[in-house]
Amino acid sequence: MTAVRSEFGTLRRGFSVQARVIGALLLREMHTRFGRENIGYIWLIAEPMLLATVIGIMHMGQHTEYSTDITPLGLTVVGYTIFIMFRGIVNRSEGAMEANATLMYHRMVTPDDVVLARALLEGGGTLGTVLIMLSALIAIGQAPFPTRPLMLALAIFFQFWSSWGQAMIVTTISNDNRTIGRLVHVYTYFMIPLSGAFIQIEWIPDPYRSYLLWLPMPHIFEMARYGVFKSATDKYFSITYLTGFCLVTMLIGLVSMRILRRKMHVS
């Protein structure tokens, strides 16, 4: 019993230290990116919100409803704000080790901490954007109060989880090969039409619909719309598939980060 308590105490202290490291990295990243001038850290939410607002303005004049409570503006803004999380997390992981190389001299800081801190920063900013923009849509009557809020939260969680796993892989690849790393931004833009952020999967005829559903993001956006809009369907997303994809991606990401740590230690 004493041994179990000792192990538990050691594990708790380890988590406490790790939490402080992540917190310090978050503050450092925020200060490096946004500083304290002008609106400072508010840019964390303001930047993606401005982008989402521009996309929303482009659809302001469209009043035709796709199906009962799903409006063009609501569908577009909900999709784009959640897509920003993927783009931000994955894009920021490119060259992450180069930007934080000096921190690797600290024994408690690892590449995993750097990637997680950046992912949490992007995820937190995007979550704030989603909440603000969705509240604005509800206020102007372009979206209902989320009919199934748990499904919306689950979709955002899966977006973060899958993006974090991909970010670890990208961090390793871009550290070894800067040329391939440059293609990461191309990859995130290429995913815009394939993500399902701006279209409903039921609009796409078979067999192309089944091909698209091999990708995880259409499942995420179908789940998000099902969480917000009452008339949305749950026929085109699978929680089991998303969980499996995220677990495999995380496994590959953790293995790649382990390899990266060894290389950095050797060098």
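Given the structure is predicted, the values throughout are model-derived calculations rather than measurements.
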Hydrogens and angles aside, do Thr110 and Asp113 bring a side-chain donor and acceptor to less than 3.5 Å of each other? yes
Would a single hydrophobic cluster contain both Ile132 and Ile140, if residues Ile, Leu, Val, Met, Phe, Trp and Tyr are joined by side-chain heavy-atom contacts under 4.5 Å? yes
Write down the atom of Ser231, the atom of Ile70, and the distance for their closest heavy-atom approach. OG-CG1, 3.5 Å
Say whether Ile192 and Val186 are linked into one hydrophobic cluster, either directly or through other cluster members, by side-chain heavy-atom distances under 4.5 angstrom. no
What's the shortest heavy-atom distance between Gly123 and Phe160, and which atoms? CA-CD1, 4.3 Å
Does a side-chain heavy-atom distance below 4.5 Å link Leu242 with Met223? yes
Testing the basics here: between Trp203 and Phe198, what is the closest heavy-atom pair and its distance to 0.1 Å? CZ3-O, 4.1 Å
What are the two closest heavy atoms between Ser174 and Glu94, and how far apart are they? OG-CA, 3.7 Å
Would you list the pairs meeting ring pair (Phe, Tyr, Trp, His ring centres under 6.0 Å) in which at least one residue belongs to residues 166-191, sequence neighbours left out? Phe86-Tyr187
Which distance, rounded to the nearest 0.5 Å, do you find between the CG of Leu152 and the CZ of Phe229? 10.0 Å
Would you say Met257 and Leu260 make side-chain contact, with heavy atoms under 4.5 Å? yes
Same hydrophobic cluster for Leu121 and Leu27, using side-chain heavy-atom links shorter than 4.5 Å among ILVMFWY? no
With a 4.5 Å cut-off on side-chain heavy atoms, are Met217 and Phe83 touching? yes
Side-chain donor/acceptor of Thr171 to backbone N/O of Ser93, under 3.5 Å: yes
Looking only at non-hydrogen atoms, find the nearest pair between Arg92 and Arg118 and report the distance. O-NH1, 2.5 Å
Would you say the side chain of Ile138 lies within less than 4.5 Å of the side chain of Pro146, judging by non-hydrogen atoms? yes
Stepwise side chain to side chain contact (heavy atoms under 4.5 Å, CB included) check, Phe158 with Ile239: CA-CA 9 Å; Phe158 274 119; Ile239 295 177; 4.0 Å; yes
Ile201 side, atom CD1; Ser210 side, atom OG - distance, nearest 0.5 Å: 11.0 Å
Mind jotting down which residue pairs meet the side-chain hydrogen bond (donor to acceptor under 3.5 Å, both in side chains) criterion with at least one end in residues 146-165? Sequence neighbours excluded, please. Arg148-Tyr226
Polar side-chain atom of Arg209 near backbone of Glu202 as donor-acceptor pair, under 3.5 Å: yes
Between Leu134, Ile45, Ile82, which is the residue that forms a side-chain contact (heavy atoms from CB on, under 4.5 Å) with Thr129? Ile45
Is any side-chain heavy atom of Thr76 closer than 4.5 Å to one of Thr71? no
Distance in Å, Ile173 CD1 paired with Ser256 OG, rounded so as to fall on 0.5 Å steps: 7.5 Å
How many angstroms lie between CG in Leu75 and CD in Gln200, if you round to the nearest 0.5 Å? 5.5 Å
Are Arg261 and Asp112 close enough for a salt bridge, meaning some N to O gap below 4.0 Å? yes
Taking all atoms of both residues into account, what is the closest heavy-atom pair of Met133 and Thr81, and its distance? CG-CG2, 4.0 Å
With Leu127, which residues qualify under side-chain contact (heavy atoms from CB on, under 4.5 Å), at least two apart? Leu131, Ile156
Apply the test side chain to side chain contact (heavy atoms under 4.5 Å, CB included) to residues Val255 and Leu251: give CA-CA distance (whole Å), side-chain angles for both, the deciding distance (0.1 Å), then the verdict. CA-CA 6 Å; Val255 171; Leu251 177 61; 4.3 Å; yes
Starting from Leu183, can I reach Met191 by hopping between I/L/V/M/F/W/Y residues whose side chains sit under 4.5 Å apart? no
So do Ile22 and Leu120 actually touch side chain to side chain, heavy atoms under 4.5 Å? yes
Close side-chain approach of Tyr236 and Pro218, heavy atoms under 4.5 Å: no
Just so I know, are the side chains of Phe221 and Ile199 near enough to count as touching, which here means a heavy-atom distance under 4.5 Å? no
Distance (rounded to the nearest 0.5 Å) between Ile220 CD1 and Met85 CE: 10.0 Å
Distance in Å, Ile89 CD1 paired with Glu122 CD, rounded so as to fall on 0.5 Å steps: 7.0 Å
Under 6.0 Å between ring centres, would you say that holds for His219 and Tyr241? yes
Following the transitive rule for hydrophobic clusters with a side-chain heavy-atom cut-off under 4.5 Å over Ile, Leu, Val, Met, Phe, Trp and Tyr, establish whether Phe245 and Met168 coincide in one cluster. no
